[in-house]
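Letters A, B, ... are given to chains in the order of the sequence lines, protein chains preceding strands, and every chain is numbered from 1.
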Protein chains: 2
Amino acid sequence: MSETVFLNGEFIAREKAYISPEDRGFYFADGVYEVIRCFKGSLFSYEEHIQRLKRSLSETRIKFRDIKSLDSVCKKIISKNNLEGKYADIYIQITRGVHRRMHRFPVEEISPTVYIYAYERLPSVNEMKRGVKVITRNDIRWLRCDIKSVSLLPNTLKFQEAHDENARECIFIRDGVITEASHSNVLGIKTGVVFTHPDSNLILSGITKKVVFRICNDLGIYVKESPIREEEISEFDELFITGTGNDIMPVVQLNDIVINDGVPGTITRQIQREYFRITYKKLGGEKKLWF
Amino acid sequence: MSETVFLNGEFIAREKAYISPEDRGFYFADGVYEVIRCFKGSLFSYEEHIQRLKRSLSETRIKFRDIKSLDSVCKKIISKNNLEGKYADIYIQITRGVHRRMHRFPVEEISPTVYIYAYERLPSVNEMKRGVKVITRNDIRWLRCDIKSVSLLPNTLKFQEAHDENARECIFIRDGVITEASHSNVLGIKTGVVFTHPDSNLILSGITKKVVFRICNDLGIYVKESPIREEEISEFDELFITGTGNDIMPVVQLNDIVINDGVPGTITRQIQREYFRITYKKLGGEKKLWF
């Protein structure tokens, strides 16, 4: 059966979805996006995603007034693609709209381009159990990584370098500290304390990361929003990445450094179990814990 | 008459030109571009633009094999739009192509998206004579500005701030020095010497700037590729920006600093005249010097 996508107010077949090459998203990466996890019909942290989307729109001065309509579109895109009983991701992209190419924003009001689709995505259970390898690269991105924009060329180039080295993610280092990864946040554990880069212009304020903060609070694990210095990485007992696409993913190797003898750490597994309980188990209806 | 554009091998009417929202240019700003000036049918510095395009493609690992075909496409896009007798710009954008969204490059070989169009653009003679105002902002862009990519959100956001303040350009300051502007290079003159940021990962290697270097060499004006420090700006006798879209544009005000009593400087005008001689006059067939 053909996939249905949402484009500028209409639900249409994927193969009929076309945009103008004059879309400012295509000319200038002048757009923002979100990816929302859907656990068998339940949108996870929907409000947090929408709040972040609103912030990205506001910081880029894209005027999109129908933000309230997205809730209904997200639900419909799930049902129209028969994804209610599945683990799915919903992708939402909003650009400034279509206009003859010029750097400045169009003077006349143009309609933002709104593009939404959903797809089944199974959790990476095996990798979550075994842990993954990551690499590090210099953080070459812009200085407004707090905006979830489609200006993602550096992310794709660096992620590809990770993929070339059979690694799951590329962790960025700026001024000697870990900022985040190409599409995940990075957290490390040393003597029982979780360290991660504080929210700033240098990282995206991760929604899964915030869920981890709440889990840590419940479990009595202390979180310190303080950056991990590159030269300290080998002193860390555990390392993991978080994100809508990675859930809670243990890192067992970083470049040539083996972390925790190459197995996911105790606290990481504890956090995974709690995350599983409030997401896959609770919302997905899974009976058996994976961890 | 309808405008003709070139899209993926075909010359088609603008209103029939559509791309997929799954184009990696739209999802990830995973593409590069060039803008080539055309003086009444003569493509200016075509080889330099093509060499830079090849470098951008190579640095982003986009495999585009038909680079030799662009020459003929550029000429046809001019003639098909009746621009042979006019001053026109040719815009060329090449993205990695269309694929289901994923950060890494597609494993299977996909065809790059090639989009080319041309439009009449008159030179800004009055502004070139009178000079323009610019503003400065922190350079928030990524660290590979040597790649002419469509990852231009920071450029558009900052250019808009310039436009909001009735300024012609936004000059970027990084670590206390002028790098370049949102879509121009920046050159300053102090005691007869031209200063500008050296080519590096922080700026685009401007083609018009290189033409200015040659002009300076011919005129016996010394060029020092050394960055202008922010705190030294008021000590500069002259300031100008260069680029395909700006030609040689004198800057007479930077934020609140009035340069050279608010009129284009002598050396800037000398460079403008020479630039005019080898471009508009020679290639455009203009008889009378503007400067």
Side-chain angles (χ1 to χ4, degrees), chain A residues 5 7 14-15 17-33 35 59-61 91 93 95-96 100-105 107 113 115 117 119 138-144 147 149-160 162-164 169-170 174 182-183 201 245, chain B residues 5 7 14-15 17-33 35 59-61 91 93 95-96 100-105 107 113 115 117 119 138-144 147 149-160 162-164 169-170 174 182-183 201 245:
Chain A
V5 306
L7 182 62
R14 151 79 65 208
E15 61 272 18
Y18 284 100
I19 57 167
S20 167
E22 297 222 296
D23 197 289
R24 287 182 60 97
F26 187 68
Y27 276 149
F28 291 116
D30 190 4
V32 299
Y33 76 107
V35 185
E59 292 296 312
T60 52
R61 299 163 64 184
Y91 178 83
Q93 179 170 342
T95 73
R96 199 178 306 278
R100 177 176 65 80
R101 187 181 186 275
M102 57 181 194
H103 277 67
R104 72 169 191 269
F105 307 160
V107 176
T113 298
Y115 171 54
Y117 67 94
Y119 51 97
N138 283 333
D139 195 342
I140 59 165
R141 299 172 305 156
W142 72 328
L143 299 178
R144 289 303 307 274
I147 300 173
S149 86
V150 295
S151 208
L152 290 169
L153 180 58
N155 305 59
T156 65
L157 293 179
K158 293 300 163 187
F159 182 80
Q160 180 61 32
H163 187 72
D164 291 341
E169 249 290 22
C170 177
R174 194 190 298 258
S182 83
H183 54 291
N201 61 315
Chain B
V5 306
L7 183 62
R14 151 79 65 208
E15 61 272 17
Y18 284 99
I19 57 167
S20 167
E22 297 222 295
D23 196 290
R24 289 181 59 97
F26 187 69
Y27 276 149
F28 291 116
D30 190 4
V32 298
Y33 76 107
V35 184
E59 292 296 311
T60 52
R61 298 163 65 183
Y91 178 84
Q93 179 169 340
T95 74
R96 199 177 306 278
R100 177 177 66 79
R101 187 181 185 277
M102 56 180 198
H103 277 68
R104 72 169 191 270
F105 307 159
V107 177
T113 298
Y115 171 55
Y117 68 94
Y119 50 97
N138 283 333
D139 195 343
I140 59 166
R141 299 171 307 156
W142 71 328
L143 299 179
R144 289 303 306 275
I147 301 172
S149 87
V150 295
S151 210
L152 290 170
L153 180 58
N155 304 59
T156 65
L157 293 179
K158 292 302 165 187
F159 181 79
Q160 180 61 32
H163 186 73
D164 291 341
E169 250 289 22
C170 178
R174 195 188 298 257
S182 83
H183 54 292
N201 62 316

**Q** Should B:Tyr27 and A:Tyr91 count as side-chain neighbours, where that means a heavy-atom distance under 4.5 Å?
**A** yes
**Q** I'd like to check the ring-ring contact (aromatic ring centres under 6.0 Å, His included) partners of B:His163; sequence neighbours left out, ordered by chain and number.
**A** none
**Q** Using modelled atom types only, decide if a donor and an acceptor are shared between the side chain of B:Gln160 and the backbone of A:Phe105 within a distance under 3.5 Å.
**A** yes
**Q** Can you tell which part of B:Asp23 gets under 4.5 Å to a heavy atom of chain A, answering side chain, backbone, both or neither?
**A** side chain
**Q** For B:Arg144, which residues count as a salt bridge (charged side-chain N to carboxylate O under 4.0 Å, His left out) partner, sequence neighbours excluded?
**A** B:Glu59, B:Asp146
**Q** By a 4.5 Å heavy-atom criterion (distance strictly below it), what part of B:Tyr119 contacts chain A: side chain, backbone, both, or neither?
**A**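 The answer is neither part of B:Tyr119.
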**Q** Please classify the contact between B:Asp164 and chain A as side chain, backbone, both or neither, with a heavy-atom cut-off of under 4.5 Å.
**A** side chain
**Q** Given heavy-atom pairs under 4.5 angstrom as the criterion, report whether the side chain, backbone, both or neither of B:Arg100 touches chain A.
**A**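 Neither part.
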**Q** Would you say A:Leu143 and B:Asn138 make side-chain contact, with heavy atoms under 4.5 Å?
**A** no
**Q** Look at A:Arg141, A:Arg101, A:Arg61 and state which one has the largest set of heavy-atom pairs under 4.5 Å with chain B.
**A** A:Arg101
**Q** Can you tell me how far the CZ atom of B:Arg24 sits from the CG atom of A:Leu152, to the nearest 0.5 Å?
**A** 10.0 Å
**Q** Evaluate the side-chain proximity of A:Ile19 to B:Phe26: yes if any heavy-atom separation is below 4.5 Å, no if none is.
**A** yes
**Q** Could you tell me which of A:Phe159, A:Tyr115, A:Tyr117, A:Tyr33 has the largest number of non-hydrogen atom pairs under 4.5 Å with chain B?
**A** A:Tyr115
